[in-house]
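Read the numbers this way: they start at 1 and go in the same order the structure lists the ligands and their atoms. All of these numbers come straight from a predicted model, not from anything done at the bench.
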Amino acid sequence: MRETDVLIIGGGAAGLFCAIEAGKRGRRVVVLEHSDQIGKKIAISGGGRCNFTNLYTGPENFISENPHFCKSALARFTPQDFISLVENHGLGYHEKKLGQLFCNDGAKNIIELLLSECADVGVEIECGSVVNSVSRKDRFEVETNRGVFVAGSLVIATGGLSIPPLGATDFGYRMAHQFGLKIRDPSPALVPFTLSHQVQKELSPLSGISIDAIVSCENHEFRENILITHRGMSGPAILQISSYWRPGLSVTINLLPDVDVLELLRDESNREVTLANFLSRFLPRRFAQAWCDLNAPSQPLKRYTHAQLVEIAEKLNRWKIIPSGTEGYKKAEVTAGGVCTSELSSNTMEAKKVPGLYFIGEVVDVTGQLGGYNFQWAWASGYAAGQYV
Ligand SMILES: Cc1cc2nc3c(=O)[nH]c(=O)nc-3n(C[C@H](O)[C@H](O)[C@H](O)COP(=O)(O)OP(=O)(O)OC[C@H]3O[C@@H](n4cnc5c(N)ncnc54)[C@H](O)[C@@H]3O)c2cc1C
């Protein structure tokens with residue numbers, strides 16, 4: 001039997017950050033990670049360069065049943081706080097776009113930073129630890145393949161369901177269930193869409209093409225690239241909107257966000273220029289041609305009727321697709337939903353009904369948009385719990 005003050009299950013971004021903060025307070029901390037190494041998601045994040053925060057992080061960048069829940073933690077540990085840590089470790093970083101900060105030399109920098117901070121404050125990390133059961137008497141007893149651990153504070157930092165080969169499990173949700181805490185149904189988010197067989201067949205000649213577009217669903221919209229793939233649609237704008245999409249809803253894509261297509265077509269409606277040539281002024285030529293093949297066989301603009309021009313403009317400025325689904329957890333960058341925020345203190349991340357039990361990071365029903373927000377939530381929620389565990 002091993003006794004410690006704080007036992008953290010899950011050695012990802014949130015778990016390690018909480019461990020560091022608790023260690024700084026002189027708490028004895030053990031992290032149990034079931035994989036053979038910590039931080040596997042960090043290692044592959046941001047295309048291998050880890051988009052570790054976003055300069056413009058605010059509560060509006062998160063999806064949650066209670067949009068106010070994340071405010072307190074985000075205010076107490078800001079992007080600038082994490083940047084200072086990165087700078088103190090002498091690590092180079094750059095802004096790619098829209099406030100997204102990436103490591104110059106790869107995501108391993110962030111893992112090394114976390115491991116070095118853990119070592120400085122004596123955090124013990126036990127990889128390859130499989131938790132068999134958790135019980136609570138006056139303290140928590142956690143039975144594992146490496147013996148029984150006993151701790152006054154138990155932190156669940158096991159993340160969501162995305163990318164099972166990287167170690168994702170439903171452990172956090174099972175723990176919430178065991179202790180009587182409500183869960184908001186998890187679902188894949190920041191995930192590519194799949195399309196009906198028919199639409200997919202029609203779009204496949206366009207696969208590989210990326211276009212700057214405005215993508216909207218319900219009251220949300222994002223302007224970034226969309227990418228047509230062999231399986232459906234991806235690209236940052238699609239990933240962003242996928243987090244707000246629910247089965248059955250349509251998604252509207254404005255392929256020419258800076259152009260009122262109808263107005264332009266009207267202006268040119270007595271011209272010899274073909275539709276494909278006209279469109280290739282604004283869109284990749286291959287896309288313009290294939291789009292015409294699909295939607296309106298190309299001919300000189302003056303041969304279209306007014307009604308046809310209206311229809312063409314509508315399809316370019318308001319192209320509606322109904323995704324048949326998503327590529328699911330095997331491709332989702334994050335998991336939306338999770339432990340209900342109403343069950344947790346926004347100050348400490350402690351379960352209101354179960355003193356000493358904490359949930360942090362992605363396992364909580366707080367989901368960031370694409371762009372470094374999910375790591376900022378992991379750091380901020382880990383920091384918040386780390387002050388109290
Ligand atoms: C491909 C990809 C790229 C991404 N890129 C970015 C990016 O650039 N920027 C960004 O902000 N976000 C990015 N994300 C999202 C980000 O990685 C996560 O939101 C973040 O890692 C969540 O941190 P976490 O600590 O809560 O969970 P995780 O990082 O998932 O860590 C959970 C840990 O718990 C362990 N675990 C699970 N079950 C158990 C168990 N039963 N017992 C013991 N251990 C267990 C897991 O092995 C894992 O190590 C990306 C995600 C993916 C999949």
Side-chain angles (χ1 to χ4, degrees), residues 7-19 30-54 57 61-62 79 82 93 96 99-103 106-107 110-111 114 125-134 142-146 149 154-175 188-192 234 236 239 243 327 329-336 338-339 349 358-382 385:
L7 191 62
I8 299 177
I9 305 183
L16 294 173
F17 213 70
C18 179
V30 176
V31 177
L32 300 180
E33 166 59 52
H34 72 156
S35 295
D36 54 353
Q37 62 195 75
I38 56 96
K40 281 190 174 176
K41 253 183 212 172
I42 301 173
I44 58 138
S45 66
R49 288 191 180 271
C50 187
N51 177 192
F52 56 81
T53 192
N54 191 300
T57 305
N61 301 116
F62 295 86
F82 197 80
Y93 63 91
K96 200 166 163 191
Q100 302 168 6
L101 301 190
F102 288 76
C103 297
I110 298 295
I111 296 176
L114 295 169
I125 299 174
E126 302 279 353
C127 287
S129 299
V130 179
V131 175
N132 298 322
S133 67
V134 174
V142 176
E143 200 223 306
T144 78
N145 59 337
R146 294 165 170 254
F149 292 79
L154 178 65
V155 181
I156 309 297
T158 46
L161 298 172
S162 304
I163 327 266
L166 294 178
T169 69
D170 65 353
F171 182 86
Y173 310 132
R174 282 192 274 124
M175 277 300 104
L190 298 181
V191 61
S234 188
L239 299 182
S243 300
E327 289 197 40
Y329 291 116
K330 69 177 191 302
K331 285 282 154 98
E333 263 192 32
V334 284
T335 303
V339 178
M349 304 291 139
Y358 297 76
F359 288 83
I360 56 173
E362 199 178 310
V363 72
V364 178
D365 173 30
V366 174
T367 307
Q369 296 173 344
L370 189 75
Y373 306 107
N374 283 297
F375 278 134
Q376 188 57 36
W377 170 246
W379 315 135
S381 58

Ligand-residue contact atoms, ligand 1 with [X], heavy atoms, under 4.0 Å:
{"X": "G361", "answer": "26 (O)"}
{"X": "I9", "answer": "42 (N), 43 (C)"}
{"X": "E362", "answer": "18 (C), 19 (O), 20 (C), 22 (C), 26 (O)"}
{"X": "A14", "answer": "25 (O), 26 (O)"}
{"X": "L32", "answer": "43 (C), 44 (N)"}
{"X": "Y373", "answer": "11 (O)"}
{"X": "G159", "answer": "26 (O), 27 (O), 32 (C)"}
{"X": "T169", "answer": "37 (C), 38 (N), 39 (C), 41 (N)"}

- prompt: Considering only heavy atoms, which of K41, R49, E333, R174 lies nearest to atom 51 (C) of ligand 1?
  reply: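 Selected option, by shortest heavy-atom distance: E333.
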
With backbone taken as N, CA, C and O and side chain as the heavy atoms from C-beta onward, which portion of [X] lies under 4.0 Å from ligand 1: side chain, backbone, both, or neither?
{"X": "V334", "result": "side chain"}
{"X": "S45", "result": "both"}
{"X": "A157", "result": "backbone"}
{"X": "T158", "result": "both"}
{"X": "F171", "result": "side chain"}

Look only at interatomic distance and state if [X] has a nitrogen or oxygen under 3.5 Å from any nitrogen or oxygen of ligand 1.
{"X": "A378", "value": "no"}
{"X": "E33", "value": "yes"}
{"X": "G46", "value": "yes"}

- request: For atom 53 (C) of ligand 1, grab the closest protein heavy atom and report residue, atom and distance to one decimal in Å.
  value: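 Going atom by atom, the protein heavy atom closest to atom 53 (C) of ligand 1 ends up being I163 CG1, 3.4 Å.
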
message: For F52 and Y93, take the angle between the two ring planes, folded into 0 to 90°, and tell me which bin it lands in: parallel under 30, tilted 30 to 60, perpendicular over 60.
response: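 Perpendicular, since the angle between the ring planes exceeds 60°.
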
query: Are N51 and S45 close enough that some pair of their side-chain heavy atoms sits under 4.5 Å apart?
result: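 No, every pair of side-chain atoms sits at 4.5 Å or beyond.
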
Donor-acceptor contact below 3.5 Å, side chain N145 vs main chain G128: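 Here the side-chain-to-backbone pair exists.
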
message: Using a 3.5 Å distance criterion without hydrogens, assess whether the side chain of T158 forms a donor-acceptor pair with backbone atoms of G10.
response: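 A pair under 3.5 Å: no.
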
message: Could you check whether W377 and Y373 have their ring centres less than 6.0 Å apart?
response: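 No.
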
